[in-house]
K.L.:
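Here it is, the structure in full.
Every value quoted in this text rests on a predicted model; they were computed, and no experiment measured them. When a residue number appears, it is its place in the shown sequence, counting from 1.
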Amino acid sequence: MSTLIDSDNSAPAAERLSLLRQRLLERKDRGPSGWSLAAMPVATADSLRASEEVDSWQLRRGLLLRDRLASIVFATDELELLAGRIDLDHEEGSDEEIEAAQKYLQQYPPPPGQNGHCELHLELLMAKGIDGLATDIRAMKNGASGEKADTYQSFLHALEGFSFMIGHAADVVEESLENAPPDRRLELEAIATSCRRIAHAPPATFRDALQFLWLALVGVMHGEPVALVVPGHLDRTLYPFFQADLESGALDEEEALLLIETLYLLINEYIPDGLAIGVMVGGRDAAGQDITNPLSYLCLEALRRTALIYPAVGICWHEGTPTDLVELAVDLIGHGNANPAFFGDETIQTGLKNLGVPEAESCRYVNSTCVEITPSGASNVWVASPYYNTCQILLDEIAANVESPAPDFSTFLQQYRQRLTAAVEQGVAYQNEARRLRHQRGRKPLQSVFTRACIGRGRDIDDAGARYNWAECSFVGLANLADSLHVVDQEIFHQRTLDFAELKKLLDTDFAEREHVRLRFLNAYPKYGQNCAELDDLVGDTVRYVAGECARFRMEPDDSHYVPGAFVWIVHEQFGRDTGATPDGRSAGFPFADGCGPAQGRESKGPTAAILSTTSWDHSPMIGGLAYNMKFNTSLFRTPEGFDRLRDLVLTFLYRGGFETQINVVDHQVLEEARQHPEEFRDLVVRIGGYTDYFTRLTPEMQDEIILRTEFGDA
């Protein structure tokens with residue numbers, strides 16, 4: 001039997017988890033996150049100095065990765081069940097050593113452009129083990145020459161460092177054995193034995209596989225370093241080990257749940273607040289069969305007791321998804337847990353297939369952090385690269401029409417779209433230049449080992465080694481844009497109450513002394529989200545236009561796609577803060593709409609009408625990500641019928657082709673109290689624009705944006 005929690009003297013699972021959670025929050029409140037220590041300037045400078053005589057930058061990056069992994073310092077305490085927590089109290093060197101290292105590293109500026117935001121391909125290493133894969137790569141190296149041989153050697157350096165890092169994690173655990181009580185000794189020995197095994201051989205148990213997954217995330221994120229590598233489909237990657245251990249009696253579901261919860265806690269400690277990490281469950285296999293299994297439910301259930309911002313757990317929903325999996329997610333949401341989200345599996349697979357992803361691979365994708373979709377284990381996809389402020393472009397076009405006004409709305413719209421296309425072209429040019437620089441100054445050998453096609457091609461992920469190398473851009477403020485275009489059409493071209501000069505003055509002055517005009521713009525016209533065909537068509541037409549324009553461009557070095565989305569993260573607040581008033585009645589500085597849903601407070605006809613608007617157009621081209629936020633008062637969930645109503649709304653969204661929806665269940669009064677007394681609401685979690693965050697750490701503007709979202713509840 002497992003020795004995780006079955007000892008008479010061990011803390012019950014819930015109590016243990018509660019203590020671990022509290023310690024995590026205390027460490028985060030007093031200091032940095034694990035990720036913030038990933039710079040390691042002293043170790044980095046020492047490695048690069050030592051390799052100065054090596055001609056190949058690829059080889060130097062392999063040596064650097066090996067040395068950085070060897071320098072990682074771990075910590076543990078008497079309750080943890082997995083190794084690999086970064087020691088937040090470790091100091092790499094003296095102030096003088098750090099300053100000297102940073103000065104030396106100025107000659108190696110980090111390249112621009114995206115990294116990370118992916119799920120690793122773990123199955124190969126889990127099948128062969130580190131030593132087995134290293135043997136294969138040596139054989140490939142012996143048959144290669146030149147840069148390809150150097151690349152394979154860098155992969156070997158990466159595996160060497162990864163193996164050493166895992167062994168060091170075991171060392172730290174074993175150092176705790178001497179003073180541990182007998183029951184804890186059994187746990188520590190199990191942890192250390194697992195690490196010793198996976199440092200060389202394939203995982204043999206569920207614990208091994210989960211431990212390997214976590215240390216792979218640490219190795220890539222901390223060693224390369226790479227941002228936001230996600231656990232992904234735990235119910236696919238880990239299920240064979242889980243099933244085998246259950247059948248053999250080596251594991252039960254409560255023990256597995258506690259191990260998954262431990263992983264979630266490690267993620268929360270490592271990743272700084274305000275970002276995103278995704279787990280996905282459910283979905284279909286290459287034959288179209290539902291793959292939901294008992295581990296799918298545990299990955300969701302683990303959110304109940306951890307109740308922190310990471311990870312978001314997305315259900316890949318299709319018509320064959322078990323009802324009880326949906327109901328588990330709805331139950332969590334209705335009880336205030338904002339982390340579950342629903343992704344439209346058919347819609348997303350359609351979009352991936354249209355980008356050339358084969359049927360056999362389109363079934364396995366990941367929300368790379370928030371809602372941006374990337375093929376699992378095979379991606380060097382750059383997400384949110386870049387964001388486009390659609391409403392600032394509209395303001396620029398309004399200004400251009402002061403001197404030379406368009407004769408009709410159709411011409412004005414065409415001119416706006418030409419301006420939008422110019423912005424897209426400029427964004428593509430910048431991203432391609434960033435890719436050239438990353439090819440020269442980047443290279444990530446360990447991530448390459450965990451990315452399909454890199455080993456077979458003998459190419460680093462920064463050298464187009466991955467199977468998919470496209471970029472995903474994001475168009476922010478689509479709802480505000482549509483609402484604004486409608487007002488421009490009505491006020492200037494139909495009613496002729498204003499001309500462009502007068503409109504520009506109103507917007508430039510933020511409706512100073514003309515509040516009644518702002519309210520007319522805001523309230524006298526229908527808005528997107530009210531099931532108005534004219535407004536819905538404006539959004540759908542804009543999406544079709546940007547999808548078509550993005551399809552005209554290609555990314556270096558392999559002519560990959562340029563893929564649109566409307567993912568916003570917190571950029572809708574940032575762009576809004578820096579953008580003047582807009583014709584929809586939005587005041588200067590106020591956040592734009594988040595994702596593909598209506599602007600804040602404009603769902604005046606209820607959630608069903610808002611869903612009908614949001615799903616009135618095809619979401620599948622927007623693989624760069626779409627999020628639809630809903631917000632409900634807790635009054636809705638006083639009876640079982642309230643949970644049923646929420647489930648029905650979610651399913652309506654998904655049946656109609658919705659891309660992704662996420663839900664806040666929190667009262668306006670609670671949010672106001674949290675704003676006034678943040679110390680009492682440290683772990684109040686809310687959904688933002690594709691990710692979850694602690695409400696009390698948001699900017700005042702972002703808090704306002706959350707509070708002002710339409711809140712549905714019982715009448």
K.L.:
Which heavy atom in Leu265 sits nearest to a heavy atom in Leu24, and how many Å separate them?
P.N.:
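Distance-wise, the nearest heavy atoms are O-CD1, 2.9 Å.
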K.L.:
What I'd like to find out is whether the side chain of Tyr264 reaches to under 4.5 Å of the side chain of Leu308, using heavy atoms alone.
P.N.:
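No, too far: nothing below the 4.5 Å cut-off.
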K.L.:
Going through the checks in order, is the ring-ring contact (aromatic ring centres under 6.0 Å, His included) test met by Phe567 and Trp569?
P.N.:
CA-CA 6 Å; Phe567 157 64; Trp569 184 41; 7.7 Å; no
K.L.:
Under the 3.5 angstrom rule, does the side chain of His117 hit a backbone N or O of Val383 as a donor-acceptor pair?
P.N.:
no
K.L.:
If we ignore hydrogens and angles and just use 3.5 Å, is the side chain of Asp285 paired with the main-chain N or O of Ile291 as donor and acceptor?
P.N.:
no
K.L.:
Could you grab the distance from atom CZ of Arg197 to atom OG1 of Thr205, nearest 0.5 Å is fine?
P.N.:
5.5 Å
K.L.:
Do Thr614 and Met630 have side chains that approach each other closer than 4.5 Å (heavy atoms only, starting at C-beta)?
P.N.:
no
K.L.:
On a heavy-atom basis, which atom in Ser376 and which in Glu119 lie closest, and how many Å separate them?
P.N.:
OG-OE1, 2.6 Å
K.L.:
Can you measure from OG1 (Thr262) to CD (Glu80) and round to the nearest 0.5 angstrom?
P.N.:
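Going from the OG1 atom of Thr262 to the CD atom of Glu80 covers 8.0 Å.
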K.L.:
Under 4.0 Å between a Lys/Arg side-chain N and an Asp/Glu carboxylate O for Asp331 and Arg304?
P.N.:
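Salt bridge: yes.
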K.L.:
Considering all heavy atoms of both residues, which atom of Leu266 and which atom of Ala83 are nearest to each other, and what is their separation?
P.N.:
CD1-O, 4.5 Å
K.L.:
Using 30° and 60° as the class boundaries, would you call the ring planes of Phe162 and Phe212 parallel, tilted or perpendicular?
P.N.:
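If you compare the ring of Phe162 with that of Phe212, the planes turn out perpendicular.
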K.L.:
Give, for atom CD of Glu301 and atom CG of Leu328, the distance between the pair rounded to the nearest 0.5 Å.
P.N.:
6.0 Å
K.L.:
Nearest 0.5 Å, please: how far is CD in Glu372 from CE in Met622?
P.N.:
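The CD atom of Glu372 is 13.0 Å from CE of Met622, to the nearest 0.5 Å.
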K.L.:
Mark yes or no for whether Thr661, through its side chain, and Tyr628, through its backbone, hold a donor-acceptor pair below 3.5 Å.
P.N.:
yes
K.L.:
With the side chain counted from C-beta on, respond yes when Pro231 and Ile277 share a heavy-atom pair under 4.5 Å apart, and no when they do not.
P.N.:
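Answer yes - side chains close enough.
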K.L.:
Give a yes or no answer on whether the side chain of Asp245 reaches the backbone of Phe206 with a donor-acceptor pair at less than 3.5 Å.
P.N.:
yes
K.L.:
Would you check if the side chain of Arg364 reaches a backbone N or O of Gly377 as a donor-acceptor pair within less than 3.5 Å?
P.N.:
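Such a contact is absent between Arg364 side chain and Gly377 backbone.
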K.L.:
Any heavy-atom pair between the side chains of Asp618 and Val543 that's under 4.5 Å?
P.N.:
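Heavy-atom side-chain distance check fails, nothing below 4.5 Å.
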K.L.:
Leu352 pairs by side-chain contact (heavy atoms from CB on, under 4.5 Å) with which of Ile623, Val563, Thr374?
P.N.:
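Result: among Ile623, Val563, Thr374, Ile623 is the only option passing the side-chain contact (heavy atoms from CB on, under 4.5 Å) with Leu352.
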K.L.:
Closer than 3.5 angstrom, by distance alone: can the side chain of His222 be matched with the main-chain N or O of Val220 as a donor-acceptor pair?
P.N.:
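Side chain of His222 to backbone of Val220: no pair is present.
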K.L.:
Can you tell me how far apart CG (Leu263) and CD1 (Ile260) are? Round to the nearest 0.5 Å.
P.N.:
8.0 Å
K.L.:
For Lys28, is the NZ atom crowded, meaning more than 12 foreign heavy atoms sit under 6.0 Å from it?
P.N.:
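Counting neighbours around NZ of Lys28, more than 12 heavy atoms of other residues, nucleotides or ligands fall under 6.0 Å, so yes.
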K.L.:
For Phe659 and Ile373, run side chain to side chain contact (heavy atoms under 4.5 Å, CB included): C-alpha distance rounded to whole Å, both residues' side-chain angles, the deciding distance at 0.1 Å, then the answer.
P.N.:
CA-CA 10 Å; Phe659 188 100; Ile373 299 300; 3.4 Å; yes
K.L.:
How many angstroms lie between atom OG of Ser368 and atom CD of Glu472, to the nearest 0.5 angstrom?
P.N.:
6.5 Å
K.L.:
Answer yes or no: is there a donor N or O on one side and an acceptor on the other, between the side chain of Ser163 and the main chain of Ala199, under 3.5 Å?
P.N.:
yes
K.L.:
Please examine the side chains of Leu626 and Val371, heavy atoms only from C-beta on, and report whether any two atoms are closer than 4.5 Å.
P.N.:
no
K.L.:
Between Arg196 and Glu189, does any side-chain N to carboxylate O distance fall below 4.0 Å?
P.N.:
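Glu189 and Arg196: not salt-bridged.
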K.L.:
Give me the atom names and distance for the closest heavy-atom approach of Cys370 to Ala276.
P.N.:
SG-CB, 3.5 Å
K.L.:
Using modelled atom types and a 3.5 Å cut-off, is there a donor and acceptor pairing between side-chain atoms of Ser18 and backbone atoms of Ala14?
P.N.:
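No, the answer is negative, given that no donor and acceptor are paired below the 3.5 Å cut-off.
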K.L.:
Cut-off 3.5 Å, side chains only: do Ser560 and Asn469 have a donor facing an acceptor?
P.N.:
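Absent: no donor and acceptor within the cut-off.
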K.L.:
Do Asn664 side-chain atoms and Ala338 backbone N/O form a donor-acceptor pair below 3.5 Å?
P.N.:
no
K.L.:
Can you name the closest pair of heavy atoms from Tyr297 and Asn293 and give their distance?
P.N.:
CD1-O, 3.3 Å
K.L.:
If only atom types and distance count, is the side chain of Ser616 paired as donor or acceptor with the main-chain N or O of Ser613 below 3.5 Å?
P.N.:
yes
K.L.:
Could you check whether Glu254 pairs with Arg305 (Lys NZ or Arg NE/NH1/NH2 to Asp/Glu carboxylate O, under 4.0 Å)?
P.N.:
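Salt bridge present between Glu254 and Arg305.
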K.L.:
Does a salt bridge link Asp648 with Arg645, judged by any charged N lying under 4.0 Å from a carboxylate O?
P.N.:
no
K.L.:
Examine the side chains of Ser362 and Gln349 and answer whether a donor and an acceptor come within less than 3.5 Å of each other.
P.N.:
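There is such a pair between these side chains.
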K.L.:
If you define the side chain from C-beta out and look only at heavy atoms, does anything of Ser296 sit under 4.5 Å from Leu325?
P.N.:
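Yes; the side chains approach each other to less than 4.5 Å.
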K.L.:
Hey, what's the ring geometry for His335 with Phe643, parallel, tilted or perpendicular (30° and 60° as the breaks)?
P.N.:
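Tilted, since the angle between the ring planes falls between 30° and 60°.
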K.L.:
Please assess Thr292 against Val281 for the test side chain to side chain contact (heavy atoms under 4.5 Å, CB included), listing each intermediate value before the final yes or no.
P.N.:
CA-CA 7 Å; Thr292 304; Val281 298; over 6 Å; no
K.L.:
Is there a side-chain contact between Leu300 and Ile315 in this structure, where contact means two heavy atoms from C-beta onward sitting under 4.5 Å apart?
P.N.:
yes
K.L.:
Test side chain to side chain contact (heavy atoms under 4.5 Å, CB included) on Cys596 and Trp617 and set out the steps.
P.N.:
CA-CA 10 Å; Cys596 65; Trp617 44 275; 3.9 Å; yes
K.L.:
Do Glu361 and Arg452 meet the salt-bridge criterion of a basic N to acidic O distance under 4.0 Å?
P.N.:
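So Arg452 pairs with Glu361 through a salt bridge.
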K.L.:
Hey, are the side chains of Leu213 and Leu234 touching, using non-hydrogen atoms and a 4.5 Å cut-off?
P.N.:
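Counting from C-beta outward, Leu213 and Leu234 do come under 4.5 Å.
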K.L.:
Take Leu251 and Arg207 through the side chain to side chain contact (heavy atoms under 4.5 Å, CB included) test and state the conclusion after the steps.
P.N.:
CA-CA 9 Å; Leu251 183 77; Arg207 164 193 278 287; over 6 Å; no
K.L.:
Considering non-hydrogen atoms only, spot the tightest contact between Thr321 and Cys316 and give its length.
P.N.:
OG1-O, 3.7 Å
K.L.:
Please determine if Glu269 and Arg23 form a salt bridge, counting it only when a charged side-chain N lies under 4.0 Å from a carboxylate O.
P.N.:
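Salt bridge between Glu269 and Arg23, a charged N being under 4.0 Å from a carboxylate O: no.
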